[in-house]
Amino acid sequence: MSTQTDARIAFPQTDKPLACQAHPEWFAHERTTAPAARRDIDRAKRACSSCPIAAGCLKWALANPGPSRIGVWAATTPRERSALRRRLTMRLGPDWVGVIAQADRARRQEPHRSAGDAVPKPSPMWSHPYQPWREPLSPDQQRRNLQLLDLAQRTTRPRSPHHKQTLGKAS
């Protein structure tokens with residue numbers, strides 16, 4: 001297994017003391033089913049919930065499966081991170097790390113808005129900011145909505161038969 005890291009996602013840094021530094025034994029487990037390991041993993045997940053760099057830690061762990069192949073990273077186990085990587089690949093494509101890194105760069109370059117700023121930035125899915133309470137959908141917006149709906153229906157997995165909804169029978 002490769003231990004090289006993907007330089008597009010930087011390892012998060014903070015000056016604050018972190019639980020993963022104070023109690024590394026809670027976070028480093030190869031087996032996640034032993035009762036003692038489960039207790040530590042639950043403790044580590046609780047500690048991650050208040051961590052100031054948890055989001056960055058998760059991005060780094062997802063982008064670097066080799067170095068993060070064991071243990072708890074950002075309140076996730078190896079199995080949970082594998083599932084997240086598969087979902088990211090399905091949603092964003094095989095270079096999902098590049099997509100996320102690009103979005104992070106764009107976010108850092110954006111000027112920070114205060115709550116008093118009047119006009120929100122237009123959504124990338126609309127050609128201009130759409131305000132549904134003020135104007136009806138244009139034919140172009142209707143077509144775009146239908147395209148997005150079609151794409152969503154083609155890319156989502158069908159529900160399993162165990163989740164089949166049934167109508168109540170009349171007596």
Side-chain angles (χ1 to χ4, degrees), residues 1-117 120-125 148-149 151-165:
M1 176 108 8
S2 171
T3 58
Q4 250 186 333
T5 61
D6 192 321
R8 297 175 290 178
I9 304 287
F11 191 82
Q13 302 292 321
T14 185
D15 293 334
K16 297 181 180 193
L18 303 174
C20 58
Q21 296 165 341
H23 303 284
E25 69 278 4
W26 295 353
F27 295 83
H29 289 281
E30 288 193 48
R31 287 199 176 107
T32 59
T33 55
R38 284 298 332 150
R39 279 192 299 277
D40 284 347
I41 289 168
D42 290 341
R43 202 176 305 155
K45 285 184 170 196
R46 281 192 305 277
C48 287
S49 70
S50 62
C51 180
I53 62 169
C57 181
L58 180 59
K59 279 188 229 177
W60 187 88
L62 291 171
N64 296 286
S68 66
R69 72 183 182 282
I70 61 169
V72 174
W73 289 77
T76 61
T77 62
R79 178 177 283 173
E80 292 165 336
R81 288 190 299 278
S82 291
L84 287 169
R85 283 186 203 101
R86 283 190 301 274
R87 288 173 54 194
L88 284 166
T89 301
M90 284 176 31
R91 288 183 89 180
L92 303 175
D95 186 31
W96 61 266
V97 175
V99 172
I100 289 176
Q102 176 60 35
D104 285 349
R105 281 191 300 277
R107 198 174 300 114
R108 282 191 300 270
Q109 292 171 355
E110 242 178 46
H112 292 288
R113 291 188 325 112
S114 67
D117 288 349
K121 192 171 183 181
S123 167
M125 87 180 185
L148 290 171
L149 180 62
L151 177 65
Q153 289 173 337
R154 283 187 282 130
T155 57
T156 56
R157 285 187 261 163
R159 297 181 89 179
S160 70
H162 302 288
H163 293 98
K164 186 185 255 185
Q165 293 180 349

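Taking both residues in full, the closest heavy atoms of Gly56 and Pro12 are given as C-CG, 3.6 Å, listed atom of the first, atom of the second, then distance. Counting all heavy atoms, side chain and backbone alike, Ala19 lies closest to Ala47 at CB-CB, 3.5 Å. Across all non-hydrogen atoms, the minimal contact from Val99 to Leu92 is CG2-O, 4.0 Å.
For Arg81 (side chain) and Pro65 (main-chain N/O), no donor-acceptor pair under 3.5 Å exists by modelled atom type. Between the side chain of Asp6 and the main chain of Asn64, no donor-acceptor pair closer than 3.5 Å is present.
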Requested in this report: Evaluate side chain to side chain contact (heavy atoms under 4.5 Å, CB included) for Ile100 paired with Leu62, printing each intermediate quantity in order.
Outcome: CA-CA 11 Å; Ile100 289 176; Leu62 291 171; over 6 Å; no
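Considering CZ of Arg87 and CH2 of Trp96, their distance stands at 12.5 Å, rounded to 0.5 Å. The CH2 atom of Trp26 sits 13.5 Å away from atom CD1 of Ile41, with the distance rounded to the nearest 0.5 Å. Put simply, CH2 on Trp60 and CD1 on Ile53 are 11.0 Å apart, with the number rounded to the nearest 0.5 Å. Note that OG1 of Thr77 is 12.5 Å distant from CD1 of Ile70, once rounded to the nearest 0.5 Å.
Listed by chain and number, the residues in a side-chain hydrogen bond (donor to acceptor under 3.5 Å, both in side chains) with Gln102 are Arg105 (sequence neighbours excluded). Judged as a salt bridge (charged side-chain N to carboxylate O under 4.0 Å, His left out), and not counting sequence neighbours, the contacts of Asp104 are Lys59, Arg107.
Here the options are Cys48, Pro78, Ser68, the test is side-chain contact (heavy atoms from CB on, under 4.5 Å), and the partner is Trp73; only Ser68 passes.
Classification of Arg38 and Asp42 as a salt-bridged pair holds, one side-chain N sitting under 4.0 Å from a carboxylate O.
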